[in-house]
> 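Mind looking over this structure? Questions follow.
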Amino acid sequence: MLSKNMEKALNEQINAEVFSTYLYLSMAAWFHSQKLAGFGHWMEAQAREEWEHTMKFFHYVDERGGRVLLGKIDAPQAEWESPLEAFKAAYEHEKYITGRIHELVALAREENDYATENFLQWFVTEQVEEESSTGRVVDQIEMVADSRQGLFMLDRELGARGRQG
Ligand code: OFO
């Protein structure tokens, strides 16, 4: 059985993961509006991953006899100045989520909730990947700088996410 504290914190994380889904969908919509379909596709794939994170927390709370309670989801930002600004925002968001996951681990330890601490290890590892993948795209955009051809090539590369074997 989850403690009330832990249940509340996990419910707040469900909200944060839905917001992540929402944020990346918003970024996908913005990229599509900029005619950068590859970037848009990458963000759609990212949003689907965030929904998977949401459901992992959802099922975990339920399995532990907790009650999932859904709160209000804030509207995400809708416009960015450039692809670089959007990806920088994604990278910053992932760092924020990493901080939240680490706080959850600290709470699980404080409460001697070994099952939750163990469950959260998947997310600790996942956040290393999430920061690395968004940070890598920031670096790539910075490398092509103002080259329209470079951006076009990058758009094609990002559009292949999840489409290769
Ligand atoms: Fe992007 O890792 Fe969940 O929120």
Side-chain angles (χ1 to χ4, degrees), residues 1-34 36 39-81 83-139 141 158 161-163:
M1 191 78 184
L2 288 172
S3 73
K4 281 292 152 199
N5 256 351
M6 202 70 241
E7 180 186 62
K8 183 170 174 286
L10 291 170
N11 269 315
E12 284 166 4
Q13 190 60 26
I14 289 176
N15 188 281
E17 298 294 345
V18 177
F19 179 78
S20 298
T21 309
Y22 228 39
L23 174 65
Y24 294 133
L25 265 186
S26 184
M27 288 182 176
W30 181 76
F31 277 118
H32 284 297
S33 78
Q34 302 298 303
L36 289 166
F39 280 87
H41 169 81
W42 195 99
M43 282 297 175
E44 284 174 50
Q46 186 68 18
R48 275 194 293 278
E49 276 194 8
E50 297 302 351
W51 185 246
E52 283 171 18
H53 296 171
T54 305
M55 295 312 292
K56 272 187 199 285
F57 278 105
F58 179 100
H59 287 128
Y60 180 74
V61 170
D62 183 53
E63 261 172 40
R64 292 291 310 282
R67 172 74 164 94
V68 173
L69 288 172
L70 302 178
K72 178 173 161 284
I73 309 297
D74 291 333
Q77 189 174 334
E79 306 282 342
W80 289 268
E81 274 181 24
L84 180 60
E85 289 312 309
F87 263 90
K88 275 185 176 170
Y91 179 54
E92 288 307 314
H93 182 70
E94 288 306 332
K95 288 201 284 186
Y96 162 71
I97 293 293
T98 300
R100 292 191 59 109
I101 297 291
H102 292 177
E103 279 171 21
L104 285 171
V105 172
L107 179 64
R109 282 188 183 166
E110 209 178 288
E111 305 218 340
N112 296 328
D113 184 344
Y114 306 116
T116 299
E117 186 181 344
N118 187 50
F119 164 75
L120 290 168
Q121 287 313 306
W122 185 90
F123 286 93
V124 171
T125 307
E126 175 70 0
Q127 281 313 118
V128 173
E129 162 65 22
E130 293 280 75
E131 285 189 28
S132 157
S133 62
T134 48
R136 192 167 52 237
V137 180
V138 169
D139 292 344
I141 301 174
L158 296 183
R161 179 177 180 177
R163 286 176 173 149

> Do the non-hydrogen side-chain atoms of Asn112 and Tyr114 ever get within less than 4.5 Å of each other?
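Touching, per the 4.5 Å side-chain cut-off.
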
> Can you list everything that forms a ring pair (Phe, Tyr, Trp, His ring centres under 6.0 Å) with Phe58? Sequence neighbours excluded, please.
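None.
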
> Measuring from Leu69:CG to Glu7:CD, what's the distance to the nearest 0.5 Å?
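With rounding to 0.5 Å, CG (Leu69) is 6.5 Å from CD (Glu7).
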
> To the nearest 0.5 angstrom, please state how far the CZ atom of Arg109 sits from the CG atom of Leu120.
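Rounded to the nearest 0.5 Å, the CZ-CG separation comes to 10.0 Å.
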
> Once you round to the nearest 0.5 Å, how far does OG1 of Thr98 lie from NE2 of His93?
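It is 9.5 Å, given to the nearest 0.5 Å.
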
> Would you compute the distance between atom CZ of Phe39 and atom CD of Gln34 and round it to the nearest 0.5 angstrom?
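It is 11.0 Å, given to the nearest 0.5 Å.
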
> Compute whether any side-chain donor of one residue and acceptor of the other, for Gln121 and Glu117, lie under 3.5 angstrom apart.
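Looking only at side-chain atoms, Glu117 and Gln121 do not form any donor-acceptor pair under 3.5 Å.
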
> To the nearest 0.5 Å, what is the distance between CD (Glu111) and CG (Leu2)?
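Interatomic distance, Glu111 CD to Leu2 CG, rounded to 0.5 Å: 9.0 Å.
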
> Please list, one pair per line, the donor and acceptor atoms closer than 3.5 Å that link side chains of residues 25-32 to other protein atoms, with sequence neighbours excluded.
{"residue": "Ser26", "atom": "OG", "partner": "Gln77", "partner atom": "O", "Å": "2.6"}
{"residue": "His32", "atom": "NE2", "partner": "Glu44", "partner atom": "OE2", "Å": "2.7"}

> Looking at His41 and Arg161, would you say the former's side chain and the latter's main chain have a donor-acceptor pair under 3.5 Å?
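Flag set: sc His41 to bb Arg161 pair under 3.5 Å.
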
> Using side-chain contact (heavy atoms from CB on, under 4.5 Å) as the criterion, list what pairs up with Asp62, not counting sequence neighbours.
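So Asp62 forms no side-chain contact (heavy atoms from CB on, under 4.5 Å) with any residue.
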
> Please walk me through it: do Lys8 and Glu12 pass side chain to side chain contact (heavy atoms under 4.5 Å, CB included)?
CA-CA 6 Å; Lys8 183 170 174 286; Glu12 284 166 4; 3.0 Å; yes

> Can you check side chain to side chain contact (heavy atoms under 4.5 Å, CB included) on Met6 and Leu104, steps first, answer last?
CA-CA 8 Å; Met6 202 70 241; Leu104 285 171; 4.1 Å; yes

> Before giving the answer on side chain to side chain contact (heavy atoms under 4.5 Å, CB included), spell out for Gln46 and Glu130 the whole-Å C-alpha distance, their side-chain angles and the decisive distance to 0.1 Å.
CA-CA 9 Å; Gln46 186 68 18; Glu130 293 280 75; 3.1 Å; yes

> With sequence neighbours excluded, tell me which residues meet side-chain contact (heavy atoms from CB on, under 4.5 Å) with Tyr91.
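Partners of Tyr91 by the side-chain contact (heavy atoms from CB on, under 4.5 Å) criterion, ordered by chain and then number, come out as Lys95, Glu131, Thr134, Val138.
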
> State which residues pass side-chain contact (heavy atoms from CB on, under 4.5 Å) with Trp122; sequence neighbours excluded, sorted by chain then number.
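Partners of Trp122 under the side-chain contact (heavy atoms from CB on, under 4.5 Å) test: His53, Lys56, Glu126.
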
> Do you know the tightest heavy-atom contact between Leu36 and Pro83?
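Heavy atoms only, the tightest pair is CD1-CG, 3.8 Å.
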
> Do Arg100 and Glu103 sit within salt-bridge range, that is, some charged N less than 4.0 Å from a carboxylate O?
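Glu103 and Arg100: not salt-bridged.
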
> Write down the atom of Pro76, the atom of Tyr22, and the distance for their closest heavy-atom approach.
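Looking at all heavy atoms of both residues, the closest pair is CD-CD2, 3.4 Å.
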
> Could you go step by step and tell me if Trp80 and Phe87 meet the side chain to side chain contact (heavy atoms under 4.5 Å, CB included) rule?
CA-CA 9 Å; Trp80 289 268; Phe87 263 90; over 6 Å; no

> To the nearest 0.5 Å, what is the distance between CD on Gln127 and CD on Glu129?
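Reported to 0.5 Å precision, the distance equals 10.0 Å.
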
> Counting C-beta onward and ignoring hydrogens, is there a side-chain heavy-atom pair between Tyr60 and Val68 closer than 4.5 Å?
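Heavy-atom side-chain distance check fails, nothing below 4.5 Å.
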
> Taking only residues two or more places apart in sequence, or in another chain, which ones meet Glu63 in a side-chain contact (heavy atoms from CB on, under 4.5 Å)?
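Not a single residue meets the side-chain contact (heavy atoms from CB on, under 4.5 Å) criterion with Glu63.
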
> Between the side chain of Asn11 and the main-chain N/O of Arg67, is any donor-acceptor distance below 3.5 Å?
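Yes; judged by distance alone, with no hydrogens or angles, the pair exists.
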
> Are Ile97 and Glu17 side-chain neighbours, meaning at least one heavy-atom pair lies under 4.5 Å?
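Heavy-atom side-chain distance check passes, below 4.5 Å.
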
